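The structure displayed is predicted, hence computed values, not measured ones. Each ligand, and each atom within it, is numbered from 1 in the order the structure gives.
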Amino acid sequence: MAEKYFVECDCGKRVRVELYEAGTEKACHSCHKSVMVPDTITLQESSGDKYPMMRPIEKIRRTLELGEPPFDGLCHHCEDADATFAVPITLSVLIERHMDHDGGIRPTLNGGVKLVAAAAEEFWQETAFPLLLCQKCHSEFQSAQAAASMKRKLGLVGLVGLLIAFLVFAYFNAELVALFAGIFWLIGAFAWAARFRDTKKIEPYIVAWLNDIRWVPETLALEDEYHLTVESSKKF
Ligand SMILES: [Zn+2]
Ligand SMILES: [Zn+2]
């Protein structure tokens, strides 16, 4: 992700500037007064991290609590206008997992064996933060959300179609069915098993939007196991 530069306007808002705009004047998106963009070195220094020693997720918590950038009200997507919508995001990160026992095959009293599931105690940490969007970016977000839900529905329709095709096929070619059933069962079993390896539960469309928030991409890259919930957006 390209580094972003901001100057603070007299009205208290951050104004996004580019490195090549150093030494020029730029109009504030909020009060429309012009702000002076300093030289490139000052710009680069000012983009520095206030909390270099913290874990990215702690930086999110701290800046949100203090209302500091990136949670100072600027749209996360275009960073060129004040946000008017907030999409509540909850990120649950696995902090610790204690294994009580590993599970496996155990002998029983009557000389048989039984399979024991592994038992674990888990500690999850929830961090709630908003995805802030201006009017224009919010409509873009809503269409992305609608497209993602359409894609999910089409996927389901496709699966049902495949099942119907298979049933029709089975009706006319009974002798091949046993073979196909075996293959389908194997594929299904692998897909089922794969679910348990999927430790980062996140919908693909939301990733691009969350990448706009400073430290969120770093958090998602750093944590091993997490899941994420997205609630419907609120106007403020
Ligand atoms: Zn201003
Ligand atoms: Zn925007």
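Around the Zn ion (ligand 2), the angle linking Cys75 (SG) with Cys78 (SG) is 110°, rounded to 10 degrees. Rounding to the nearest 10°, we obtain 100° for the angle at the Zn ion (ligand 1) between Cys9 SG and Cys11 SG.
Salt bridge present: Glu203 and Arg152 bring a charged side-chain N and a carboxylate O closer than 4.0 Å. Salt bridge status for Glu223 with Arg55: present, with a side-chain N to carboxylate O gap under 4.0 Å.
Taking the ring centre of Tyr51 as origin, the terminal cationic atom of Arg62 falls inside the region bounded by 6.0 Å and 45° from the ring axis.
With Thr63 contributing its side chain and Lys59 its backbone, the two residues share a donor-acceptor pair below 3.5 Å.
Contact annotation: His77 places no N, O or S atom under 2.8 Å from the Zn ion (ligand 2). Among the backbone and side-chain atoms of Cys137, an N, O or S atom lies under 2.8 Å from the Zn ion (ligand 2). Residue contacts to the Zn ion (ligand 2): His76 brings no N, O or S atom closer than 2.8 Å. One of the N, O or S atoms belonging to Cys28 lies under 2.8 Å away from the Zn ion (ligand 1).
A ring-centre distance under 6.0 Å is not found for Trp209 and His76.
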